[in-house]
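Quick notes on the structure that follows.
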Amino acid sequence: MFNLFWRLFDIVLLIWRVFVIVLKDLCQWLVPPKQETLHDAVILVTGGGKGIGRKLALYFAKYHPKHIILWGRTKTALSQTAKNVQDLNVNCSYMICDVTSREQIYSLAKEVEAKYGQVTMLINNAGVVHGNSILSSDPADIENTFRTNTLAHFWTVRAFLPGMINHNCGHIVTVGSLLGLTALNGAADYCSSKYALTGFTESLREELKSMNCTGITVTCVYPYHVDNDMFAGITTRFPSIFHPINEDYLVGKIADAVLTKREKIIVPKLMYLYALASSITPVSAISSIMKFTGVHKAMDQFRQHRKKQ
């Protein structure tokens, strides 16, 4: 009887804790928490030469971090972005890095720490999409997708996390995708790689909590279709309602989540409803919604656009 009482007490206490956490999270939507400062931050951005990575580097430069390091494959883009950041009176360096290479990541990580000190914010942004069906995909493209979109996160985190743990201080940012929460016809490799990131990020967060590393934050961002070159050509049946999100808008949301230490965000907020519906609604119902909105043929237009280039 005594043991039963304590079990019931534990259940009630758990319900209360969950209620408080949910209420606190809802309050943050209404009253944003205080933003952290970045004056002593050493920030590393993968895929930092162009697109979202470039704009994240420029956005965070406004907060005058100690140093920003850009990793990417294109020297011209990296050097230009580094110059733009330096024009804002922020130290910025770049390194040519193929994130599909574990050895290159480990080697450059040691060089980074030797030159600039411990990385305190790791932004895993590099990504690739090929956009073919499972049967028509080139095996090399499938492997490249997972090496870039998934395995690179393992290697960068393994390279920089030990230093963060030693100081119990750091922030790991995963730029994922809404396609890491729901599927899309014709993008199985991309969806699979982003689903894997969801598992990776949530597992990493739990591992850190089990080690009582309270000073390390893990943030995962799930954006809807972004209006950039990566997914150029994709359209839906109702573009005025389900229009692609602007890169600058997304970068602002990512930065806000990082600066307020939010652990998970979906952009735009409307897609929280879709993510919830896809989790609890019958598969056939979600398929019907995709057909109605034209999403089931979105990658067909994407491939047609790429063929024209």
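Computed from a predicted structure; not experimentally measured. What you see below is based on every heavy atom in this structure, not just the backbone, and it leaves out hydrogens, waters and symmetry mates.
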### Task
Examine distances only and state if a side-chain atom of Tyr224 and a backbone atom of Leu179 form a donor-acceptor pair shorter than 3.5 Å.
no
### Residue Asp40 excluded, over 12 heavy atoms near CG under 6.0 Å
no
### Distance (rounded to the nearest 0.5 Å) between Ile254 CD1 and Leu259 CG
11.5 Å
### Task
Keeping the roles fixed (side chain from Ser137, backbone from Ile142), state whether a donor-acceptor pair exists under 3.5 Å.
no
### Query
Does Ile134 CD1 have over 12 foreign heavy atoms under 6.0 Å away?
no
#### Entry: Glu103 backbone acceptor or donor facing Ser107 side chain under 3.5 Å
no
### Query
Out of curiosity, Leu56 CG to Ile43 CD1, how far, rounded to the nearest 0.5 Å?
9.5 Å
### Summary
Distance col, row Trp155:CH2 vs Thr100:OG1, nearest 0.5 angstrom, shows 11.5 Å
### Query
Looking at Arg205, Lys264, His171, Lys261, which one forms a side-chain hydrogen bond (donor to acceptor under 3.5 Å, both in side chains) with Thr219?
His171
#### Entry: Flag side-chain contact, heavy atom, 4.5 Å: Pro268 against Met271
yes
### Query
So do Leu181 and Ser278 actually touch side chain to side chain, heavy atoms under 4.5 Å?
no
Please output the side-chain donor-acceptor pairs of residues 59-77 that fall under 3.5 Å, not counting sequence neighbours, one pair per line with the distance.
{"residue": "His67", "atom": "NE2", "partner": "Ser93", "partner atom": "OG", "Å": "2.8"}

### Message
So Gln80 and Asn84, do their side chains get closer than 4.5 Å, heavy atoms only?
### Response
yes
### Query
Side chains of Leu58 and Val251: does their closest heavy-atom pair fall under 4.5 Å?
no
### Message
For Val45, is there any backbone N or O sitting under 3.5 Å from a side-chain donor or acceptor partner on Asn125?
### Response
no
### Query
Quick one: CG on Leu197 to NE2 on His153, what's the gap to the nearest 0.5 Å?
4.5 Å
### Message
Using modelled atom types and a 3.5 Å cut-off, is there a donor and acceptor pairing between side-chain atoms of Asp227 and backbone atoms of Pro244?
### Response
no
#### Entry: For Glu143, all residues meeting salt bridge (Lys or Arg N to Asp or Glu O under 4.0 Å), sequence neighbours excluded
Arg147
### Query
What is the distance from atom CE of Met95 to atom CD of Glu111, rounded to the nearest 0.5 Å?
4.0 Å
### Query
Only one of Val173, Thr174, Val157 clears side-chain contact (heavy atoms from CB on, under 4.5 Å) with Leu122; which?
Val157
### Query
Is there a donor-acceptor pair under 3.5 Å between the side chain of Ser193 and the backbone N or O of Thr150?
no
### Task
With the side chain counted from C-beta on, respond yes when Thr145 and Val129 share a heavy-atom pair under 4.5 Å apart, and no when they do not.
no
### Task
I would like to know whether Thr156 and Asn124 meet side-chain hydrogen bond (donor to acceptor under 3.5 Å, both in side chains); could you show each step before the answer?
CA-CA 8 Å; Thr156 56; Asn124 275 317; 3.0 Å; yes
### Query
Should Asn144 and Asp138 count as side-chain neighbours, where that means a heavy-atom distance under 4.5 Å?
no
### Query
Side chains of Cys97 and Ile105: does their closest heavy-atom pair fall under 4.5 Å?
yes
### Query
Does any N or O in the side chain of Thr81 come within less than 3.5 Å of the main-chain N or O of Leu78, such that one atom is a donor and the other an acceptor?
no
#### Entry: Separation of Met164 CE from Cys213 SG (nearest 0.5 Å)
11.5 Å
### Query
Is there a side-chain contact between Asn132 and Tyr190 (heavy atoms, below 4.5 Å)?
no
### Query
Who passes salt bridge (Lys or Arg N to Asp or Glu O under 4.0 Å) against Lys55, sequence neighbours left out?
Glu247, Asp248
